[in-house]
Amino acid sequence: MNHWIALPILLPFVSAILIEIVGRGRIAVRRGMGLASCLGTIAVGAAMVLLTRHGKVYTYALGDWEAPFGVVLVLDGLSALLVALTGVVSLFCLLYAMNRHDTRGKFFHFFIQMQVAGICGAVLTGDLFSLFVFFEIMLLSSYNLLVYTGDKQSLRAGIHYVILNLTGSVLFLVAIGTLYGVTGTLNMADMALRVSELGAEDIALVRAGALLLTVVFLLKSAILPLYLWLPNVYSSAMAPVAALFAILTKVGVYAILRVSTLIFGPEAGVAADAIEPYLLPLATLTLLLGMTGALGSTHLRKMMGYLIVASLGTMLMAMGLFTETGIASGLYYLPHSTVAIAMLFLLADLIGRQRGPEDDHLVVAHMPKQSGVLGLIFFVGAIAVAGLPPFSGFLGKMWILQASLPAPQVVIIWAVILSTSVMALVAFSRAGSLIFWKGEEPPKGEPPRGDSQMGATAFEFLPVVGLLICIVLYTAFAGPVAEFCTVTAQNLLTPSVYIEAVLGAQR
Amino acid sequence: MAVLLIVLLPFIGVLLAVASGRLGRRAAAVAAAGPTLVAFALLMSLAPSVLAGEVLVLSRPWVPALGLTFGLRVDGLGFLFALLILGIGLLVIQYAYFYMSRGDPLWRFFSYLMLFMGAMLGVVLSENVLLMALFWEVTSLSSFLLIGYLSDRSAARRGARMALTITGLGGFCLFAGLVILGQIVGSYELTDILASGELIVGHDWYLPMLILVLIGAFTKSAQFPFHFWLPNAMTAPTPVSAYLHSATMVKAGVFLLARLHPALSGGDAWFYLVGGVGMATMFFAAYVAFFRHDLKALLAYSTISHLGLITALFGFGTAGAAVVGIFHIMNHAAFKASLFMTAGIIDHQTGTRDIRILGNLRRAMPYTMVLALLGSAAMAGIPFLNGFLSKELFLKETLTAPMMAGTPWLLPTVATVGAIFSMAYSVRLVHGVFFEPGQGKMPKEGHDPSAGMLLPVAILVAICVVVGVAPQWTAAPLLAAAAQSVVVGELPAYSLTLWHGFTMELLMSAIAIGGGIFVYTQRARLYDLAHRIWPGLTGGAVFEKTVELVVGAGARLTATLENGSLQRYLVLLLVMALAAGALPFIQYGFSSGPQELTPTNPVAIAVWALLVVAALATVLTHRNRITAIICLSVVGLLISIVFVYLSAPDLALTQLSVEVVTILLLLLALFVLPKTAPRESSRLRKGRDIAVAALGGLGMGAISWAVMTRPQDSISDFFLEHATYPVGGGTNVVNVILVDFRGFDTFGEVAVLVLAAFGIYTMLRYANHTFVEGVPDTADDRYPVVLVSASRPLLALILLMSIFIFLRGHYLPGGGFIGGLVASVALIMQYLASGIDWANERMRLNFRVVAVIGFLIAMVAGSVAFVMDLPFLTMALLGMDVPLVGESDFVMTLLFDLGIGLAVVGSTMTILSELSHMQEVEPYDEAQRAKESDPWKP
């Protein structure tokens, strides 16, 4: 039995329960359990990546009910990649939060574990309705983490976030209802089969369902015109939470990719390529507007928010090509951008705290106390996010350029990617030179303002440097990773592999 | 292996320099010089084979999918450049040790410098062009750090950003161009690319690829119109200017032209673009240089001019011109680096670089004077110095340039005029600083610096002289080797001698020298003229303005789009959804299904009409919150009646109990909110909202109609078949679906419920309560006696009822979810009837823990299956029987259901008790509220 497939969901669930039962009032226990669960998720995720690297698809029928009647978990390369990534990012966020954030309120570790379980469940399930359920778990835990500090700004951002996303949930249900109404199934593999057998009389209905579903996923992955909520929400959350959020939007990307290749791919009969034509133009505009926002941002965390939007645009542009190299390059770019931006969110927190009341606002303030080491990390992080060499962002963008060369829209894609890269360069060099070069010397003799005169401890730097090392490793091992992405992309473009793995026995 | 080490050693130097941080200046210098020296020695060990014409290639795979390998290559050209980088690098380290002021953290300076050195070596020694592009950008980044080294000066920050943006932009273009190049050839290895010249030139993508690559080369080598970053980069410490911005980094552009010369130079576009830009830059920059009063600015424009000259030579596209281009690269590196260092010495010793102020230094700084004189003479192209040789050859090439048959006089004229100005500024450099009296007082009285600072200059000047006097014995073998990698086939005949007889180029040289002296004598008039007519428009200003404009526009656009209005975001979402839902029907038409419609029932119509009315009433009364909630509850109740009518008792029961609990909670929440909502929508906005809502409703109706008129062929048939005993275990198919077939969804929903309760708890407990305004309790009789006395006996009855519902769930309508809700209703009633304090005293339960335990029980129920090696949530455990109770599936589902029920009770009660806590917060204050901004808007 492949019980381990359910592990990335059950492990954080169990630790969430134990954190609330055994760890009540004992912060060390809560921290330890949280860390253990994240490490476990990384281990399982890594094993999953290794197992799926040749394109094998694993299934796990919950409740022992065979697909399409019960809910099945399906593990392929795409899911494995996201599970591993979730483990890594959550581990460092947790480490960072242990410095001060996790004791500012209750239930921090509970929410984090639920969040991890939600993400892993969403990427592992092979069922459209349980995808909805896990989206809800993700939504609620992220909302709870967002308003965790209870300050006014995060509550306000939280209201926007939760209302928009609950509206999205309603639309999700409408979409599922429509698709169930037409196909009579919820299992994604089964739905793929049934969609391809639909008659011409169902063409409009099934396509409407597909597009409604896409709208929901576009909201989750913050693609134009549904990205406007993101920068404010992410910059309002506290640093480790914002860093963890960097992965939430990727679940939206995952869902788009899964649904558009598996159910509504080119072989989907009347619903063939129902989503395909819209993705590339929307993603291109998203990249453009996201980077414009980053350029015009007034504070660092907002800039990171817009950079997330831009990075989502970038990867969906690549995936929107729906070619093997396109999807593969987008997949390679996905973990890179998540880790790099998570790191910068943590770093922005450290920088902001050392600048006094100006925080991370891009105005002249006094120099951060540890401007040397912070500047160095900022420099490296900026290089990574802007897609400059020698880090994985550069490799990712290079691959995306290569992948889009045969596409008819190549000129636009290239122009947008290159010009936004320059914009990122300008944005970062402006922000960096303002903070680290233009800063005034800290006033001498004046009493320290807040904790701005205190340097960050080594333990606070640990997660930042850890994420940095992840980027370096991701660059160094780009060869095998790229191969993994290629195999995964091939699999995605051959939905029969997935379908046979899920339904093989019956059909 | 040696080549790998050569590239890696400077990076080791970076680490050593960083590590030397606390050990002082000398340690930092050693940390930088040591690896450089070793790399230099390693390079020298390769000299015999490279000079013999061998090409050493080393390749390690990196990312095969991208065609990116870690491939290095040493041929003549790479060797020459590596020699320049390491040789001049050593001199610069020595020079910088003396030049940089004592207070500077030298380790930082040297770590940046070594980073640059490694990257630059990477550029010139790459076999894989993508790897080259990678190193290329790293040189831009390290140059950014070095230009901004004196970061407290705003000019330095601006210069650094400008350089990074321009060269970074060029780097991206280059990288795009190289990707196309690699796709044309089918390989990113230089060996393959250099051998495919014809294929490349004939390809459809040749022109776009060429333009992209050239933008990369031109930005790096500061060619017009990208030249302006280089003068602005002069804010860098002088060792940096000498090293990066004259001898090496700016040569990366022309290196690229040389490197790709065999592959790309075959097309006409190459000649016009490269030759044209090169000639224009050479002429224009020589002219501008003459008018610069800052020594370093003069040298910067002179560098641009000479780079233009080299670019032009490669642009001619002939083998002969390319050889001359390489020769001039060598010569220029030597004399320009020496001149920059000299300028740095003058600045260092006198405190100024302004030629107008400097003067009469020949007595105070005799050694410096001699070195400057020789360096300038080489730059001007005076015989017996290396500059003369390559400049003569350049002038000769302009006479024989291809494709200029129509206007054979054009290039020689431009070249000669450029050379006149080149002579003029060289004369000015020496005469203005060392001979002419200065116009102001220098900050310091200068004198010659220490020998350690003069030594690197002297070495470079010595090279200029030796090469100038005896080129055949010194530069020739190196040039031959380098030229061999730029020229396809046999090397053309060229003669490195001082005397070629009375030739046209000799005449041009003479004109240039004479004309230059003449121009210099007329300088006062020219400066005066230039002062009046010099255009205020400079590349740097245009660039700054453009960046400001783009950033400003970005900020405005962003602020306009992201205005923080939830209403806007919601409308966008709903409109998107409407468009998504409607588009397919517009494209393919709307059709209802073939299903027969059932006859209408007047009762149903009445219920539905009531439903519509209640929904409308909710909207219309929304400003009076209590009324609105009551209308909403009517909607909910009517829906449960609809469920009953459609024979779905389980749904009806669920809907009913959910409805009761939510309405009660809403009412409690309302207690701490104002009773009426403010009027805030404009007429226009209302119109928009009505339109969106109406279209949304119609759309939903249409889709539902289309779905429900279609025949159903779904997995639910399977559920109906298998739910009944003994397969699924129960007879209530809804419950079996919930706890067995799709137990995982239920399990997830339990998690959602618990999360919601915890979230509401956190929010209400820890939130900044300025958001939530309490309202004074106006009810006269707080706890109506009838309610109190009725609720207490009812508690037991309802709880009993909930247990009953819970237990029978497996076979008849009911189950854990409904049971839990009913139990919650019983408890809530106590709160309502008798007050929080009364109820809390009697229920000392932590409901959050109850919720988590419920979740835990569900988890345990699901995990029992692991014991039998069955998947999570398997209920039918191989037909196992549990004594006294019955079949395993019944026991397991009951346990699972119990978990659900507990989670429901726990969650609902958590929310309830927190909401009732809210009533203890301060009373609602109208004045305070007016001051508060609307919570729904930023």
Side-chain angles (χ1 to χ4, degrees), chain A residues 1 6 17 20 61-65 68-71 105 107 114 130 133 136-137 140-141 144 147 150 152 155 160 164 167 171 178 181 184-185 201 203-205 207-208 211-212 215 225 228-229 292-293 295-296 388-390 399 401-402 405 418 421-422 425-426 429 433 437 478-479 482 486, chain B residues 62-63 65-66 134 137-138 148 151 157 161 164-165 168-169 172 176 179 183 551 554-555 557-558 562 566 569 572-573 576-577 580-581 584-585 588 591 703 706-707 713-715 718 741-745 748-749 751-752 755-756 758-759 763 766-768 852 855-856 869-874:
Chain A
M1 263 293 139
I17 293 171
E20 274 320 304
L62 290 154
D64 211 13
W65 289 107
F69 307 109
V71 178
F107 315 132
M114 294 299 258
S130 74
V133 172
E136 293 307 286
I137 297 178
L140 278 180
S141 33
N144 291 347
V147 301
K152 200 159 182 168
L155 277 177
H160 284 203
L164 265 178
T167 315
L171 287 174
T178 310
T185 189
E201 70 279 5
I203 182 165
L205 200 54
R207 280 174 171 261
L211 288 183
L212 279 171
V215 170
L228 292 165
W229 59 270
T292 310
L295 200 57
L388 283 168
W399 204 2
L401 289 188
Q402 287 186 3
L405 204 53
L418 294 177
S421 298
V422 176
L425 202 61
V426 174
S429 63
S433 77
W437 283 353
T486 308
Chain B
W62 185 3
V63 196
L66 278 77
L134 191 148
E137 288 285 47
V138 179
S151 59
R157 295 193 296 267
R161 283 206 307 269
L164 178 64
T165 311
L169 169 110
F172 283 126
V179 168
Q183 296 284 333
V551 171
L557 178 67
T558 307
E562 191 217 338
L566 176 61
Y569 306 164
L572 275 174
L573 173 60
M576 273 289 277
F585 291 106
Y588 303 103
S591 65
I703 287 184
V707 166
D713 164 31
S714 73
I715 48 172
F718 173 90
F741 290 122
R742 304 192 61 92
F744 195 56
D745 289 344
E749 286 297 349
V752 173
L755 271 171
F758 275 60
M763 197 167 57
Y766 296 103
N768 179 337
V852 175
F855 189 34
L856 176 68
D869 197 28
L870 285 168
F872 186 62
L873 285 174
T874 304

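All chains are named by letter (A, B, ...) in the order of the sequence lines, taking the proteins before the strands, and each is independently numbered beginning at 1.
- Both the backbone and the side chain of A:Gln402 have a heavy atom closer than 4.5 Å to some heavy atom of chain B.
- Of the listed residues (A:Val215, A:Leu171, A:Val147), the one with the most heavy-atom contacts under 4.5 Å to chain B is A:Val215.
- Under the 6.0 Å cut-off for aromatic ring centres, B:Phe741 and A:Trp65 qualify, their centroids lying closer than that.
- Of all the listed residues (A:Ser433, A:Ser421, A:Ala482), the one sharing the greatest number of non-hydrogen pairs under 4.5 Å with chain B is A:Ser421.
- Within the 3.5 Å criterion, the main-chain N or O of B:Ser151 finds a donor-acceptor partner in the side chain of B:Arg157.
- Of the listed residues B:Leu557, B:Val179, B:Asp869, the one with more heavy-atom pairs under 4.5 angstrom with chain A than any other is B:Asp869.
- Scanning both residues, B:Ile703 and A:Leu212, for their nearest heavy atoms gives CD1-CD1, 4.1 Å.
- The most heavy-atom pairs under 4.5 Å with chain B, out of A:Leu211, A:Leu228, A:Ile203, come from A:Leu228.
- Remark: the backbone N or O of B:Leu755 is paired with a side-chain donor or acceptor of A:Asn144 at under 3.5 angstrom.
- Looking only at heavy-atom pairs under 4.5 Å with chain A, the residue among B:Pro584, B:Gly743, B:Pro871 that has the most is B:Pro871.
- Using a 4.5 Å cut-off between heavy atoms, A:Ala6 makes no contact with chain B at all.
- Proximity to chain A is limited to the side chain of B:Phe744, based on heavy atoms less than 4.5 angstrom apart.
- Considering CD of B:Gln183 and CG of A:Leu401, their distance stands at 10.5 Å, rounded to 0.5 Å.
- To the nearest 0.5 Å, atoms CD (B:Glu749) and CZ (B:Arg742) are separated by 11.0 Å.
- Residue B:Leu856 holds its CG atom at 5.0 Å from CD1 of A:Ile17, rounded to the nearest 0.5 Å.
- The candidate from B:Thr558, B:Val752, B:Leu66, B:Leu873 with the greatest count of non-hydrogen atom pairs under 4.5 Å with chain A is B:Leu66.
- Counting heavy-atom pairs closer than 4.5 Å to chain A, the top-ranked of the candidates B:Val707, B:Thr165, B:Val138 is B:Val707.
- The candidate with the highest count of non-hydrogen atom pairs below 4.5 Å against chain A, out of B:Gly554, B:Ala756, B:Ser591, is B:Gly554.
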Checking A:Leu205 against B:Phe585 for the side chain to side chain contact (heavy atoms under 4.5 Å, CB included) test, could you report, in this order, the C-alpha distance in whole Å, the side-chain angles of both residues, the deciding distance, and whether it holds? CA-CA 7 Å; A:Leu205 200 54; B:Phe585 291 106; 3.6 Å; yes

